[in-house]
Amino acid sequence: FSNDKLLDQLTFFSGTKVKKEEIEIAISKDRGWNSNSDWHTDCYCHTAKAFLYLNDIDKNNSPFCFLKGSHKDINIRYKVQKESLMNLIFNQNKTDNKLSDPELYLLVKESTIKDKIYNKYELLECAYPAGSLIAADTSGFHRKGKSNNSSNERFMINVTFHRGSMIKKLF
């Protein structure tokens, strides 16, 4: 992919024009459970992320997983967002009034409709060779795949479009 093609892909998934200065790039090494291991959505509105795998990714080193079509289901995403926001408001026991990124995720496991979500959408597990580029609208439900062997690592370059979180702006 050229820089312009990557910007076009991020623009397509986010539904807004992505500018070079709004892109954040990070190299990551992932192994074992972390906050991205649970099904979640990054934000309510359409947003884009891309992942470039630096090593071969199979089921044993946590492939990116996506529930196909969930990014188009505004009613279910709204319900999960509303429940997540209420949990944050009524269960916040912080003295510094600052929220960490994992607390901002709209977690499916905390939703009263989680079984409906898991049954409604087909799982797309992105187990691909090194050099594969995955682009996704991460307003849809996604997670880092579960690994049966915690010694296997996933290396990737993450490309994100900085939008900020609506929940973070409220607190």
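Note that the coordinates shown come from a computational prediction; the quantities given were computed from them, not determined experimentally.
Of the possible donor and acceptor atoms, none in the side chain of Asn55 sits under 3.5 Å from a partner among the backbone N and O of Ala130.
For the pair Asp38 and Arg143, the minimum side-chain heavy-atom distance is 4.5 Å or more. No side-chain heavy atom of Ile27 sits less than 4.5 Å from a side-chain heavy atom of Phe155. Looking only at side-chain heavy atoms (C-beta outward), Tyr128 and Pro63 stay at 4.5 Å or farther from each other.
With sequence neighbours excluded, no residue forms a side-chain hydrogen bond (donor to acceptor under 3.5 Å, both in side chains) with Asp58.
Rounded to the nearest 0.5 angstrom, Thr41 OG1 and Ile76 CD1 are separated by 12.0 Å. From Trp39, atom CH2 reaches atom OG of Ser70 across 8.0 Å, with rounding to the nearest 0.5 Å. Taking CZ from Arg154 and CG from Asp56, the interatomic distance works out to 14.0 Å, rounded to the nearest 0.5 Å. The structure places CG of Leu54 at 4.5 Å from CD1 of Ile157, a figure rounded to the nearest 0.5 Å. Remark: Glu24 CD to Asn158 CG distance equals 10.5 Å, nearest 0.5 Å. Once rounded to the nearest 0.5 Å, the distance linking SG of Cys126 with CZ of Phe51 reads 9.0 Å.
Here the options are Leu123, Ile117, Asp73, the test is side-chain contact (heavy atoms from CB on, under 4.5 Å), and the partner is Phe141; only Ile117 passes.
Using the six-membered ring where Trp is involved, Phe66 and His142 have ring planes that are parallel, under 30° apart on the 30 and 60° scheme.
Counting all heavy atoms, side chain and backbone alike, Ser139 lies closest to Arg77 at O-CD, 2.9 Å. Minimum heavy-atom separation, Ala127 to Lys59: CB-N, 4.4 Å.
At a threshold of 4.5 Å between side-chain heavy atoms, the hydrophobic network of Ile, Leu, Val, Met, Phe, Trp and Tyr places Met156 and Leu124 in one connected group.
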Stepwise side chain to side chain contact (heavy atoms under 4.5 Å, CB included) test for Tyr53 and Ile134: CA-CA 8 Å; Tyr53 288 157; Ile134 292 97; 3.4 Å; yes

